[in-house]
Structures are given as C-alpha cells and as structure tokens.
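Just follow the structure's listing: the first ligand is 1, and inside any ligand the first atom is 1. Everything numeric in this text was worked out from a predicted model, so none of it was measured. The chain is numbered in sequence order, starting from 1.
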Amino acid sequence: MKSQSHVSTRKTHDVIVIGGGSAGYAAARTARDAGADVAIVDQGPLGGLCILRGCMPTKAILRSAEIAALIGRAKEFGLFPVSTNADLSAIVDRKDRLVREFADYRIQQLHDPKFTLYQSRAVFRSPREIAVGETILSSQSYILATGSRPDEVPIPGLAQAGYFTSDTILDLRTQPGSLIVLGGGSVALELGQFFARLGTKVTILQRGRTLLSEMDEDVGRALEGALIDEGIEVVTGVQLLRVNCDGRRKTVWAIQDGREQSYAGEEILQALGRRPNIEGLHLDLAEVTVDNGRIVVDGAMRTSQAHIYAVGDVNDVSPIVHLAIQQGEIAAYNATHSDRQAKELDHRLDAEVVFTDPQVAVVGRSESTCRAEGIPFLTASYPFAEHGKALCLGASHGFVKLLCAPTTGELLGAQIVGPEGGELIHELIAVMYYHGTAADLLRMPHYHPTLAEIVTYPAESIVEKLGIG
Ligand SMILES: Cc1cc2nc3c(=O)[nH]c(=O)nc-3n(C[C@H](O)[C@H](O)[C@H](O)COP(=O)(O)OP(=O)(O)OC[C@H]3O[C@@H](n4cnc5c(N)ncnc54)[C@H](O)[C@@H]3O)c2cc1C
C-alpha cells in the first residue's frame, strides 16, 4: 500500500508568542509596536487566567461577600438587621456576565490584524521550529507565556474523595454547608472568606506557622485574627496525612501539635499552589533547561536558549498579573532590540495584594528579606484600631508598617493589613519609585480624615528615630 505524503504549510515570523494571556498579550503588543511581524499561538479558551479563572472572577464574587458582611453588621451601625441569605447561583451569573465582557475585549485585542493569531496548541520540533496543527512555524525569537494550572498534590485519598480547585469552585452554584480549605495563601484565603461570609462553615488548614507564610509573621497573624473574629476556623502548622470520604462527608486527617487530628466538611478546596504549564510543549526538543518543573530564566527573561524567553506564570518568578505584564514587555523589548543593552527585571518595587477583608498589601522588602540579605533597616508600625477614619468605618483590624534605611530614611518596603490596603499601598509604591523617604511622607499633604493619612504616623516614628526632619 502506498503511504500518503503529508504536506505541512510553513510560515516564518519575527517573534512568536506562545500563550495569549496577560504576559503573552503584553509581549505581543510590545513586539508589534517595535515593528516586528508577530504571531500569537493560543490553544484556547482565549482570555487568559486573570480574566477567566483568576483575578477578575474572584474579585467579582468577593464584592457580593463584602456586601453580605456589611449587611450582617447592620445593627452595629444603628440599622435594623435584614436577612443576608445568599443566592450563589445569582452571584455566579453576575460573575459570568462580567467575565464574558472582559474576555470579549481581550479576544478582540488578540484578533488585531497586526498580529497573526493561531488558535492551536504549540509543540516545539527543534529550538527554531514549532508545530501548530498542520503548520510549521519558525521565528527569530519565541516568547513562552503558557501560564500555570493548579498543582496536583499526592495526598492519599484526596483524588478519590473529590475536591475543588480555584478553577472549578468558581462555577459551583450550590453553596456547601461546610468547606475545608487546604492552603493558607492568597487564593485559599480569598475563596475561604468568600464562602464563610455567605454562611458556609469554613476551616482553613495551613502547613506554615502563619497564614501567607512568605510574608512577615505579623502580617499573617493580623489577618488570622480578623478571620477568626468572623468565625472562620484557622489551623496552622498542620501536616496533611490523608483524606477519606464517607457518604456526603469528607474528612481530612492531619498532624497538628504532634497529634493526629481530623477535620470534616462537605467539600474540600485544594489551594496548595500552581505549577507551570509546560507539558506537551516539548521543551526538550527546544533544548530549554527546566529545573524541577520550572523554566529557568535570567533577569532579561531569557531561557537557556538566548532566543527563547519565558514570561508570566510559566516561569514561576512572580505569579502576579502586573509583574507578568512587565516580564512580557521586557522579553519583547529584548527580542526586538538585540542591538541595545538588554532590559532586566527590577524586583525593588515588587508588590502583592491579597483581597481578603482586611486586605493585605506589601511592596518592596519585608523584615525577613532584609534580615536574610543582611540589609539594615528601621521599622515602625501603626494600628488601624487607633486611626480615626478606620474607627468611623468600623474597620479596625490590622496595621501599616514601614521599613526604611537607617541613615537616610529612604523607604525600603511597606506592609499593610487593613481596609483598602490594596489602594493605600499605591502611595507607598509611588514614594518608593522616586526613592522617597519617611520625611517625604510626612511633608506630603494628607487629607483628613482619610485612611491614607495613617501612613504619616509610622513615618513620624521613623523620622523621630532618625533624629531628622
Ligand atoms: C484564583 C486566582 C486569583 C488570582 N488573583 C489575582 C489577583 O487578584 N491579582 C494578581 O495580580 N494575580 C492574581 N492571580 C494570578 C494571575 O491570574 C496570574 O499570575 C496571571 O493571570 C498569569 O498570566 P499568564 O499570562 O502568565 O498566563 P495565562 O493568563 O494563564 O495565559 C496562558 C495562555 O497560554 C495558553 N496555552 C497554554 N499552553 C499552551 C500551549 N501548549 N500552546 C498554546 N497555548 C497554550 C492558554 O490557553 C492561556 O491563554 C490569581 C490567580 C488565581 C488562580
């Protein structure tokens, strides 16, 4: 029998971006603006994690929980109590409407006639060639931006018992009576508080000694206090052992304080982290170095192959959207300006916000990173419980903490646990951007009474410690 010969189409571009989420789109736009012939390859669904299953859907549903929590406190503000029964299905409908709107806009951007969009999976055939369906593409540069997915954790019995991840729980329309949350990071805490505020009994099981264990301990402890005050059970320092399922009840067994304990609930949310999406890309054929499931990149976002860059969640450097965008822009600049000095990632102003209530917002260095790197610092903090505007709002959990250089008072970092922390941190980011000092914060006018003026109190303490004005 004669074998049929297979003819593939071949095409060439200046820059090929694999993945059209936040990082990939930013890279494609930057390369296009530099005059390059750019192709984007995305297997779909188009829109990216931030819009479809990350930042935007979570923030949409959190707003419902925030309103429910305020209504639940009506009496405290001199109002007659009203029912706060939640309709999870209606909350999901509202979220879906918003997500559709955001996704449609992103899809429209990806169909920009100045790009070539291939809606297919990309597979490397060699360091210079990829297969996209029947088409073989080659390019001078590649920018990998394929994102991440929930990690699979080998806890005996978990898969058999069944569990949600942040990807799947966002579509749940029947509110569980109780929920065990595995993990104490931002995704675990935002979603855990969401369900608790709708009336689900929530237990958070965290391996670290504090919540948000990559941040300073006082940050995690302040948030823990606020969550416990709302009725959430927070268990830290646990070692997860196994899970079993008996009818409608799932039981998680763990060691805490040296003793075996069990925690039962109707559902489990597994929020123990995410892993880069590299399966199926054939990075071995691209000869790209992968270490422990992660693509190794330098400050210019280059992989071990100088013409292949990796940006966003896929490199696991900072899985946060504005940093993914920044990385995409740096990679695209470097890919299109080989004649100029390479741009590099600067971590000085790295910031993160956790949209719990109180919010957690950090920028720059923490006490623990200063200590680890031997960087001297002065610190001062001020509690929201002593801040007039926060008391008027009935939002007294948390504090603002500043870290400054001990000779100049230059702001090295800041941490906020408190109302609107995610908004307030931007003043401190701006001051740090311009290498401002605690004295600058004091001299800058702050309207009264605002939440923002709280930063002047720790700034005052730092200026007193420095003995300058
Ligand atoms: C629940 C949750 C809440 C979050 N909230 C926030 C927040 O409030 N603020 C914040 O800053 N960050 C938040 N994040 C993190 C943020 O969403 C991510 O850091 C960001 O979206 C990553 O963008 P990316 O471009 O790297 O990846 P993605 O947006 O995931 O894009 C990857 C793209 O690659 C495509 N792709 C994958 N493999 C292939 C392949 N082989 N071939 C072709 N295409 C492929 C996919 O289809 C996808 O479109 C949250 C994350 C989660 C999970």
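D167 contributes atom CG, which lies 7.0 Å from atom CG of L49 (distance to the nearest 0.5 angstrom). Atom OH of Y163 and atom CG of L272 lie 9.5 Å apart (nearest 0.5 Å). With rounding to the nearest 0.5 angstrom, the CG atom of N315 is 10.5 Å from the CZ atom of R294. Here the CG-CZ distance, from L269 to F195, works out to 7.5 Å after rounding to the nearest 0.5 Å. Separation of atoms CG (L198) and OG1 (T84) is listed at 9.0 Å; rounding is to 0.5 Å.
A salt bridge between R32 and D112 is present, with a side-chain N of the basic residue lying under 4.0 Å from a carboxylate O of the acidic one. Electrostatic pairing of R173 and D96 counts as a salt bridge here, judged by a charged N lying under 4.0 Å from a carboxylate O.
Annotation: P319 places an N or O atom under 3.5 Å from an N or O atom of ligand 1; distance criterion only. Residue V321 places at least one N or O, backbone or side chain, under 3.5 Å from an N or O of ligand 1. Close N/O approach between A23 and ligand 1 is found [any backbone or side-chain N/O within under 3.5 Å]. Considering backbone and side-chain atoms alike, S22 places an N or O below 3.5 Å from some N or O of ligand 1. Of the N or O atoms in H322, none lie within a sub-3.5 Å distance of an N or O in ligand 1. When only interatomic distances are considered, the shortest N/O to N/O separation between G54 and ligand 1 does not fall below 3.5 Å. Between D42 and ligand 1, at least one N/O pair is under 3.5 Å apart. For ligand 1, the polar-atom distance check finds no N/O of R274 at less than 3.5 Å from any of the ligand's N/O atoms. Taking distance alone, with nitrogen or oxygen atoms compared against 3.5 Å, L49 approaches ligand 1 more closely than that limit.
Across all their heavy atoms, Y382 and P458 have their closest contact at CB-CD, 3.7 Å. Between Y333 and R340, the shortest heavy-atom distance links the atoms OH-NH1, 3.4 Å.
In this structure, G47 has no heavy atom closer than 4.0 Å to ligand 1. Residue E190 places every heavy atom at 4.0 Å or more from ligand 1. Ligand 1 is never approached by E352 to a heavy-atom distance shorter than 4.0 Å.
For CZ of R348, the number of neighbouring non-hydrogen atoms (other residues, nucleotides, ligands) closer than 6.0 Å is greater than 12.
Each of the following atoms of ligand 1 lies closer than 4.0 Å to a heavy atom of S166: 1 (C), 53 (C). Residue contact check: F355 has heavy atoms under 4.0 Å from atoms 8 (O) of ligand 1. Near G48, meaning under 4.0 Å from any of its heavy atoms, are these atoms of ligand 1: 29 (O). Which parts of ligand 1 touch G44 is read off a 4.0 Å heavy-atom cut-off, strictly below it: atoms 47 (O). Heavy-atom contacts of G312 reach the following atoms of ligand 1: 26 (O) (cutoff under 4.0 Å). Those atoms of ligand 1 with a heavy atom of G147 less than 4.0 angstrom away are 26 (O), 27 (O), 30 (O), 32 (C). In the vicinity of V41, heavy-atom distances shorter than 4.0 Å reach the ligand 1 atoms 43 (C), 44 (N). Near R121, meaning under 4.0 Å from one of its heavy atoms, ligand 1 places the atoms 41 (N), 42 (N).
For atom 34 (O) of ligand 1, the nearest non-hydrogen atom of the protein is G19 CA, 3.2 Å. For atom 21 (O) of ligand 1, the nearest non-hydrogen atom of the protein is C50 N, 3.2 Å. Of the protein's non-hydrogen atoms, C55 SG, 3.4 Å is the one closest to atom 13 (C) of ligand 1. Protein heavy atom in closest approach to atom 31 (O) of ligand 1: G21 CA, 3.5 Å. At the shortest separation from atom 37 (C) of ligand 1 among protein heavy atoms lies T146 O, 3.3 Å. Scanning the protein for heavy atoms near atom 40 (C) of ligand 1, the closest one is Q43 OE1, 3.4 Å. Remark: minimum distance from atom 19 (O) of ligand 1 to any protein heavy atom is reached at D313 OD1, 2.7 Å. Nearest protein heavy-atom contact of atom 8 (O) of ligand 1 is K59 NZ, 2.7 Å.
For the residue pair N277 / T146, no side-chain donor-acceptor distance below 3.5 Å is found, with atom types taken as modelled. For the residue pair T200 and Q175, a side-chain donor N or O sits within less than 3.5 Å of a side-chain acceptor on the partner. Side-chain polar atoms of E230 and Q193 form a donor-acceptor pair below 3.5 angstrom. Between the side chains of D216 and S368, at least one donor N or O lies within less than 3.5 Å of an accepting N or O. A donor atom on one side chain and an acceptor atom on the other are found under 3.5 Å apart for T369 and S366. Residues Y118 and H13 bring a donor and an acceptor atom of their side chains to less than 3.5 Å of each other.
Looking at L281 against ligand 1, only its side chain comes within 4.0 Å, counting heavy atoms. Heavy atoms of S186 found under 4.0 angstrom from ligand 1: none, in either backbone or side chain. Heavy atoms of T58 found under 4.0 angstrom from ligand 1 belong exclusively to the side chain. Contacts between A145 and ligand 1, counted as non-hydrogen atom pairs separated by less than 4.0 Å, involve the backbone only.
In this structure, of A122, P150, P45, the residue bringing a heavy atom nearest to atom 42 (N) of ligand 1 is A122.
A perpendicular orientation is assigned to the rings of H387 and F384, their planes being inclined by more than 60° (bins at 30° and 60°).
With Q415 as the partner, the side-chain contact (heavy atoms from CB on, under 4.5 Å) test is satisfied by one option alone out of D218, V400, L402, I425: D218.
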**Request:** Please lay out, stage by stage, how D104 and R100 fare under the test salt bridge (Lys or Arg N to Asp or Glu O under 4.0 Å).
**Result:** CA-CA 6 Å; D104 284 349; R100 199 60 270 146; 3.3 Å; yes
